[in-house]
Novice: 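Sharing a structure with you now.
Please read all numbers here as calculations on a predicted model, not as lab measurements.
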Amino acid sequence: MESVTTVRMLWDRMQDRDWAGVGALLAADVVVEWPVSGERILGRDNYVRVNAEYPEGWSIDVLRIVSAGDEVVSEVEVPHATMGVHRVVSFWTVRDGLIIGGREYWTELGADPSPAWRAPYVQRI
């Protein structure tokens, strides 16, 4: 299976709440880092549980996936009914069809407001 297909399936299975299916895409000793919150998730079971336990009301919108061999980058939007809209850029390493590592940058839209001094140089999106 191509690396990009593995990552696409990861997001599809997350959306479907197919936690066994998510786990089937991860190496048993997968390591996923979340630098924004300063956390490291060690192992398949912990990664699956962290995502499965997240409060319901969310969906997954895959914006893009790009790859170069075993390295895959995904950009995903995660709207939540009560917690706002989050964006995540994830850097995945895939070997033999399994995700062996990742680094995900999660942020809430508007959480890092633009300073006033930049206003003359930027457009709001």
Novice: Looking at R64 and E75, would you say the former's side chain and the latter's main chain have a donor-acceptor pair under 3.5 Å?
Specialist: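 A pair under 3.5 Å: no.
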Novice: If you measure from CG on L10 to CG on D18, what distance do you get to the nearest 0.5 Å?
Specialist: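 These two atoms lie 10.5 Å from each other.
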Novice: Considering only heavy atoms from C-beta outward, does the side chain of V48 approach that of L26 to under 4.5 Å?
Specialist: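 The answer is yes, as the side chains (C-beta and beyond) meet within the 4.5 Å cut-off.
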Novice: Are I41 and W58 connected into the same hydrophobic cluster when the rule is that any two of I, L, V, M, F, W, Y join if their side-chain heavy atoms are below 4.5 Å apart?
Specialist: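 Yes, one cluster joins them.
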Novice: Count the heavy atoms of every other residue, nucleotide or ligand shown that sit under 6.0 Å from CZ of R118, and state whether that count exceeds 12.
Specialist: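 Result for CZ/R118: enclosed.
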Novice: Do P79 and D61 come within less than 4.5 Å of each other through their side chains, counting heavy atoms only?
Specialist: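 The answer is yes, as the side chains (C-beta and beyond) meet within the 4.5 Å cut-off.
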Novice: Write down the atom of Y54, the atom of M83, and the distance for their closest heavy-atom approach.
Specialist: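 Closest heavy-atom pair between Y54 and M83: OH-CE, 3.3 Å.
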Novice: Output the distance between atom CD (E33) and atom CG (L42), rounded to the nearest 0.5 Å.
Specialist: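 Here the interatomic distance stands at 9.0 Å.
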Novice: How close do L98 and A24 get, heavy atom to heavy atom, and via which atoms?
Specialist: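 Heavy atoms only, the tightest pair is CD2-O, 3.3 Å.
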Novice: Y47 and M14: which non-hydrogen atoms are nearest, and at how many Å?
Specialist: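 Scanning both residues completely, I find the closest heavy atoms to be OH-CE, 3.4 Å.
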Novice: Could you tell me the separation between the CG atom of L63 and the CD1 atom of I60, rounded to the nearest 0.5 Å?
Specialist: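 Nearest 0.5 Å value for the CG-CD1 distance: 10.5 Å.
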Novice: I need the minimum non-hydrogen distance between V30 and G101, along with the two atoms involved.
Specialist: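 Heavy-atom minimum between the residues: CG2-N, 3.8 Å.
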Novice: When you look at T6 and I99, which way does the side-chain contact (heavy atoms from CB on, under 4.5 Å) test go after all the steps?
Specialist: CA-CA 8 Å; T6 299; I99 296 170; 3.9 Å; yes
Novice: If you group Ile, Leu, Val, Met, Phe, Trp and Tyr by side-chain heavy-atom gaps below 4.5 Å, do I65 and F91 land in one group?
Specialist: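 No, I65 and F91 fall in different hydrophobic clusters.
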Novice: With rounding to the nearest 0.5 Å, note down the distance linking CZ in R44 to CG in N46.
Specialist: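 Nearest 0.5 Å value for the CZ-CG distance: 11.5 Å.
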Novice: Between V88 and V7, is there shared hydrophobic-cluster membership here, with clusters defined by ILVMFWY side-chain heavy atoms closer than 4.5 Å?
Specialist: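 V88 and V7: one cluster.
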Novice: Heavy atoms only: give me the nearest E56-H80 pair and the separation to one decimal.
Specialist: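 Heavy atoms only, the tightest pair is O-NE2, 2.9 Å.
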Novice: Go through the steps for E77 and L109 under the test side-chain contact (heavy atoms from CB on, under 4.5 Å), then give the verdict.
Specialist: CA-CA 10 Å; E77 187 168 272; L109 295 185; 4.1 Å; yes
Novice: Could you see if V85 belongs to whatever hydrophobic cluster contains W34? Use Ile, Leu, Val, Met, Phe, Trp, Tyr and a side-chain cutoff under 4.5 Å.
Specialist: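 Each belongs to a different hydrophobic cluster.
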Novice: Consider only side-chain heavy atoms of I, L, V, M, F, W and Y, link residues closer than 4.5 Å, and tell whether W11 and V66 are in one cluster.
Specialist: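 W11 and V66: separate clusters.
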Novice: If you round to the nearest 0.5 Å, how far is CE of M9 from CG of L25?
Specialist: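 The distance works out to 5.0 Å.
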Novice: Using a cut-off of 6.0 Å, state whether more than 12 heavy atoms not belonging to E2 lie near its atom CD.
Specialist: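 Result for CD/E2: open.
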Novice: Tell me if the CZ atom of R40 is crowded by more than 12 foreign heavy atoms within 6.0 Å.
Specialist: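 No, because the 6.0 Å sphere around CZ of R40 holds 12 heavy atoms or fewer from other groups.
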Novice: Quick one: does NZ or CZ of R8 land under 6.0 Å from the six-membered ring centre of W92, within 45 degrees of the ring axis?
Specialist: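 No, R8 does not sit over the ring of W92.
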Novice: For a quick test of reading the model, state the closest non-hydrogen atom pair linking P35 to E104 and the distance between them.
Specialist: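 In this case the closest contact between P35 and E104 is CD-O, 3.4 Å.
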Novice: Please check if the side chain of S3 supplies one atom and the backbone of E71 the other of a donor-acceptor pair under 3.5 Å.
Specialist: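 Pair absent, no side-chain N/O of S3 close to backbone of E71.
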